[in-house]
Amino acid sequence: MDIAAIILDYLRVLFSWPVVTGVIAISAICLFKSDIKLLMSRIAKIRFPGGSELSTSQLERTKEEKTESERPEVPQVEANQPVPLPADLEFTQQQLEAVRQLYLNERANAYLWEYRYLNYFLAYQTQQVLDWLVPMSAPISRSLFDNIWTPYIPIVQERDAIINALQAHYLIGMDSGLISVTPKGQEYHQWRGPLPQREAT
């Protein structure tokens, strides 16, 4: 057999569609590895053929969030507490109304961005727990919460992460072991609306 024919056969194999597709796929994965990893971390649930699923837990999402020690210190101001102004500063009624409207708009804007973040940060099961807590007419005990949710969330650390995430963002409050939804939690729940229903596997 001629050497040119052998080289031509090797080139045909080398440039066949499976080899070229594989090289392109591996190159894309190597080039965009960090972007693909970030995208995968944002996917709430992946369903594989055969009915098996892979979902993101609240525990994993909490690990992504910065710890309290890494966050810059923000001075805490009580709600509706008047801020002292210099004695010689005077505003007209129109200027006061303009400042008030500006404050209300910026507050609404801050809540909008925080609630959008919560839509990303809170895992689907955490959102389900909040939906379950909102219509409760009275606070429930932590032990009752654990007993009801154990069949659906069997891992204790995941249940703890869900409660901690909701509490860290002031959506629920804990008082003497009793869980209740805060006004902020009610407002976020109303703003978010109903959760999209997942298909049963």
Side-chain angles (χ1 to χ4, degrees), residues 34-45 55-140 142 145 158-176 178-198:
S34 60
D35 295 327
I36 292 170
K37 184 178 178 183
L38 185 64
L39 176 66
M40 293 301 285
S41 71
R42 290 180 183 221
I43 295 173
K45 187 177 275 193
S55 63
T56 305
S57 70
Q58 189 63 52
L59 195 58
E60 292 167 358
R61 290 194 181 187
T62 304
K63 287 177 186 174
E64 294 173 10
E65 194 177 51
K66 290 182 179 179
T67 61
E68 290 294 327
S69 59
E70 294 173 340
R71 292 182 181 167
E73 284 295 319
V74 178
Q76 297 294 319
V77 178
E78 288 288 326
N80 301 324
Q81 179 182 355
V83 179
L85 296 173
D88 59 343
L89 189 64
E90 292 184 13
F91 288 105
T92 65
Q93 194 61 33
Q94 186 178 5
Q95 289 173 326
L96 285 173
E97 186 59 30
V99 169
R100 182 177 167 280
Q101 288 302 322
L102 183 64
Y103 166 76
L104 291 175
N105 283 315
E106 287 305 314
R107 182 176 177 271
N109 194 34
Y111 275 129
L112 173 68
W113 281 105
E114 182 182 8
Y115 291 168
R116 284 179 178 169
Y117 169 73
L118 288 175
N119 279 348
Y120 159 72
F121 173 69
L122 297 178
Y124 189 78
Q125 281 187 324
T126 308
Q127 298 274 10
Q128 286 180 314
V129 167
L130 182 63
D131 281 4
W132 177 74
L133 287 169
V134 164
M136 294 285 175
S137 56
I140 65 158
R142 177 61 199 266
F145 167 81
E158 179 65 13
R159 290 197 307 272
D160 290 342
I162 287 171
I163 292 296
N164 291 338
L166 292 172
Q167 195 173 7
H169 291 279
Y170 305 103
L171 301 176
I172 63 168
M174 291 276 286
D175 185 23
S176 303
L178 295 174
I179 305 169
S180 60
V181 179
T182 63
K184 180 181 176 183
Q186 298 275 359
E187 185 179 277
Y188 167 69
H189 178 262
Q190 185 178 6
W191 177 87
R192 190 208 65 210
L195 278 176
Q197 294 302 310
R198 297 242 169 121

Which heavy atom of [X] sits nearest a heavy atom of [Y], and at what distance?
| X | Y | answer |
| --- | --- | --- |
| Ala165 | Leu122 | CB-CD2, 4.2 Å |
| Tyr170 | Lys184 | O-CB, 3.7 Å |
| His189 | Asp131 | CD2-OD1, 2.9 Å |

Ile179 CD1 to Phe145 CZ distance, which is reported to the nearest 0.5 Å: 6.0 Å
Can you tell if the side chain of [X] reaches within under 4.5 Å of the side chain of [Y], non-hydrogen atoms only?
| X | Y | value |
| --- | --- | --- |
| Val129 | Ile172 | no |
| Leu195 | Gln128 | yes |
| Tyr115 | His169 | no |

Taking only residues two or more places apart in sequence, or in another chain, which ones meet Val99 in a side chain to side chain contact (heavy atoms under 4.5 Å, CB included)?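 Here no residue qualifies.
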Show your working on side chain to side chain contact (heavy atoms under 4.5 Å, CB included) between Arg142 and Asp160 and close with a plain yes or no. CA-CA 10 Å; Arg142 177 61 199 266; Asp160 290 342; 2.5 Å; yes
Quick check: does any side chain N or O of Asn109 sit under 3.5 Å from a backbone N or O of Asn105, one acting as donor and the other as acceptor?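 Side chain of Asn109 to backbone of Asn105, a donor-acceptor pair under 3.5 Å: no, none is there.
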Intermediate values then yes/no, side chain to side chain contact (heavy atoms under 4.5 Å, CB included), Phe121 and Thr126: CA-CA 10 Å; Phe121 173 69; Thr126 308; over 6 Å; no
Give the intermediate values and the outcome of side chain to side chain contact (heavy atoms under 4.5 Å, CB included) for residues Ile162 and Gln125. CA-CA 8 Å; Ile162 287 171; Gln125 281 187 324; 4.3 Å; yes
Do other residues, nucleotides or ligands put more than 12 heavy atoms under 6.0 Å from the CD atom of Gln190?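 Count not over threshold, so no.
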Taking atom types as modelled, is there a side-chain donor on Gln101 or Glu97 under 3.5 Å from an acceptor on the other? yes
Qualifying residues under side chain to side chain donor-acceptor pair (under 3.5 Å), relative to Gln127, sequence neighbours excluded: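 Here the qualifying residues are Tyr188, Arg192.
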Can you check side chain to side chain contact (heavy atoms under 4.5 Å, CB included) on Leu171 and Leu133, steps first, answer last? CA-CA 10 Å; Leu171 301 176; Leu133 287 169; over 6 Å; no
